[in-house]
There are 2 protein chains.
Amino acid sequence: MNDIAKIRQFNRTVTHHIGALENEFLGRERSLGASRLLFEIGAGAEVRVLRERLGLDSGYVSRLLRTLEHQGLVQLGSLKEDARVRFVSLTPKGVKEVALLDKLSDRGAAAMLEPLSEKQRASLVESMATVERLLRASSINLATSDPGSRLAQQCLTHYYEELSERFEMAFDPSVSISAAPEELRPPQGYFVLALLQGEAVGCGALKCHTDFGEIKRMWVAASCRGMGIGRRILAQLEFLARERGLALLRLETNKALLEAQALYKSFGYQEVAPFSEEPYAHHWFEKEL
Amino acid sequence: MNDIAKIRQFNRTVTHHIGALENEFLGRERSLGASRLLFEIGAGAEVRVLRERLGLDSGYVSRLLRTLEHQGLVQLGSLKEDARVRFVSLTPKGVKEVALLDKLSDRGAAAMLEPLSEKQRASLVESMATVERLLRASSINLATSDPGSRLAQQCLTHYYEELSERFEMAFDPSVSISAAPEELRPPQGYFVLALLQGEAVGCGALKCHTDFGEIKRMWVAASCRGMGIGRRILAQLEFLARERGLALLRLETNKALLEAQALYKSFGYQEVAPFSEEPYAHHWFEKEL
DNA sequence: TCATTTATCTGACTATAGTCAGATAAATTT
DNA sequence: AAATTTATCTGACTATAGTCAGATAAATGA
């Protein structure tokens, strides 16, 4: 059996088993769709985020939420900052209901393990984790995005937060060499987002100068590291740079960002003498295209 | 994250991804249910088998099949041996359609691999195979069955066929020490079946004598070996023997059946001098309960 | 200010995926 | 031969899971 056939076999078996479990343990009173939505609300969420995450029609979500509201499980309100955006949160009754669903769902998962031996269980859980990570990785796609878009801004916020955490001092983008939205928008530059089911989980930017390009804002969400996303983003930025006819790429990085340095080295970047006054940089790299 | 949480995370991710793929690549013209049914027919099948395999309502299958018939994809007939049983097979047009679905499904599976690196692909396929095997194993359940039932007879037929293949000579149950249905039915004995989604994938029997029990007809389908099914069947037979108050279990086996011997030894059976005239046996085992 | 965009809601549909209670006919048991 | 069982079919439902075309109101941009 070749790989493709194995994957298809996997798909058949797994959907069958999980579907059976879900029907048995959830989907009792409420429809499966409503249960999933209830789960996804968690500590409260914007409706537009839920919609995107579950990939559902706006009208459909609206109706599902109203049903849940009538059952007294959720309450709907609007954001103060933007009254168009609806925000759902669980009522105390809803919290109790989610806890119950959680327990049932736990029982369903436990039923998968129950007939197996200790060794089989460990092997199952480990392989599941691998499959899950890789499926997530395979569903991530890259998109060139406007650096001012909501998703891009979210990414950059996370990026700055993380730099502040990992650097010895707080990170202040205004002190750092600039990479403002207008510099990362064609034709001055490019901003690449990595999207996982509508959520931004990584980014990277290329700032084009006349005779070289600068790689900026490389970031991957902690939950998605080790999936090769950084590699994909960097490859895409290099592709864009080549397309622009740039012959040289430069970047600078902080000593705390070891994974980033490993990535650059594996892509053939050579460490060079400092070529900028970037206050947060300890290492400077170059690569000829 | 504990094992249960990991399993739930897996379930969420995987159903989401596979569902998306199926919708994209199949379910185009035809409903997903009809596509699955079409797939399952393969080289032709009894309707009752399809129904059980897919876990569908009789009326529902009937209607789905009629739709496929109207589309000229399948033809329905009855078995000669039993005119109640309907038999579906694909028309030439149906064969072509299945081939097309196959291709689309292949493309869907390939789309999962496509964004991954070589290493990731190998790891994904391997882990998928493990998960699949173990999920199948975990959904197998044991049932005490009548040795004359259709499923039991199917098992025994496979068992005899396999013995004939693996022994140096053909296996003829009438020459072997008897284990006829009436001897394996309570109170004289027990017949245990391992069921995987309504299909029998293993069996084992206990023949009770006044002062000892005999383990007979231990068999596991080739497709399901290494899942611990033999262990589970043997454990169940030992449980039944203990419940009957039997203090000793005996069994004999052929030298070609190495896995079986390993199983018995791992359960604490000791090889003893021949205690029977079984012509197909080379090894005799005993265990005190 | 006016046009456009965004987020949501509503009403009117449709398709899918069933369920359930008989009816029917062949096979099997008594 | 009559009663029961088995495999299927049919008609009449129901629930789920959407889709799609506007309508509405807030926010944003020109």
Side-chain angles (χ1 to χ4, degrees), chain A residues 15-16 19-20 22-24 26-38 40 45-70 74-88 146 148-151 153 181 198, chain B residues 15-16 19-20 22-24 26-38 40 45-71 74-88 146 148-151 153 198:
Chain A
T15 43
H16 191 278
E22 288 206 325
N23 280 326
E24 187 175 349
L26 305 175
R28 279 256 178 250
E29 317 259 297
R30 200 158 298 105
S31 80
L32 215 59
S35 291
R36 269 199 274 265
L37 191 56
L38 206 53
E40 209 64 47
E46 293 177 16
V47 171
R48 61 179 174 188
V49 172
L50 290 177
R51 206 166 48 219
E52 198 145 0
R53 208 145 62 191
L54 295 167
L56 299 175
D57 177 85
S58 123
Y60 185 37
V61 169
S62 176
R63 243 177 292 271
L64 282 175
L65 284 175
R66 207 170 41 177
T67 312
L68 293 175
E69 196 182 17
H70 280 316
V74 305
Q75 54 204 6
L76 283 154
S78 295
L79 288 189
K80 274 159 267 135
E81 316 90 83
D82 186 340
R84 291 169 305 178
V85 179
R86 300 276 269 161
F87 191 88
V88 225
D146 190 283
S149 72
R150 183 166 55 89
L151 288 172
Q153 287 302 314
Chain B
T15 43
H16 191 278
E22 288 206 326
N23 281 326
E24 188 175 347
L26 304 175
R28 279 256 177 253
E29 317 258 299
R30 201 157 299 104
S31 79
L32 216 60
S35 291
R36 268 199 276 265
L37 191 56
L38 207 53
E40 209 65 47
E46 293 178 15
V47 170
R48 61 179 174 189
V49 171
L50 289 177
R51 207 165 47 221
E52 196 144 2
R53 208 145 63 191
L54 296 168
L56 299 174
D57 178 83
S58 123
Y60 185 38
V61 170
S62 176
R63 242 176 293 270
L64 282 175
L65 284 176
R66 207 171 39 178
T67 311
L68 294 176
E69 197 182 15
H70 280 318
Q71 295 172 339
V74 305
Q75 54 206 5
L76 284 153
S78 295
L79 288 189
K80 273 159 266 132
E81 316 89 85
D82 186 341
R84 292 168 305 177
V85 180
R86 300 276 268 161
F87 191 89
V88 225
D146 189 283
S149 71
R150 184 166 56 90
L151 288 172
Q153 287 302 314

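In what follows, chains are A, B, ... by sequence order, proteins preceding strands, each numbered from 1.
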| note | When every non-hydrogen atom of A/Val88 is compared with those of A/Leu76, the smallest separation belongs to CG1-CD2, 3.6 Å
| Validation row: B/Gln71, B/Leu68 side chains within 4.5 angstrom (heavy atoms) | yes
| said: Among residues at least two apart in sequence or on other chains, which ones pass side-chain hydrogen bond (donor to acceptor under 3.5 Å, both in side chains) with B/Arg84? | reply: B/Asp82
| field | First-last contacting nucleotides on DNA chain D - partner chain B, under 4.0 angstrom, heavy atom | value | D/dT5 to D/dA12
| request: Go through the structure and list residues passing side-chain hydrogen bond (donor to acceptor under 3.5 Å, both in side chains) with B/Glu40, not counting sequence neighbours. | output: B/Arg53
| All side-chain hydrogen bond (donor to acceptor under 3.5 Å, both in side chains) counterparts of B/Arg63, not counting sequence neighbours | none
| task | Please name all residues satisfying salt bridge (Lys or Arg N to Asp or Glu O under 4.0 Å) with B/Arg36, sequence neighbours left out, ordered by chain then number. | result | B/Glu22
| task | Looking only at non-hydrogen atoms, find the nearest pair between A/Arg51 and A/Ser58 and report the distance. | result | CD-CA, 3.2 Å
| said: Among residues 54-66 of chain A, which ones have heavy-atom contacts with DNA chain C below 4.0 Å? | reply: A/Ser58, A/Gly59, A/Ser62, A/Arg63, A/Arg66
| If you find the nucleotide of DNA chain D closest to A/Ala83 and the one closest to B/Arg51, which residue's nucleotide is nearer the 5' end? | B/Arg51
| query | What does D/dG22 pair with, Watson-Crick or G-U, if both distances are under 3.5 Å? | reply | C/dC9
| Nearest atoms (heavy-atom pairs only) where B/Ser78 meets B/Ala83 | OG-O, 3.4 Å
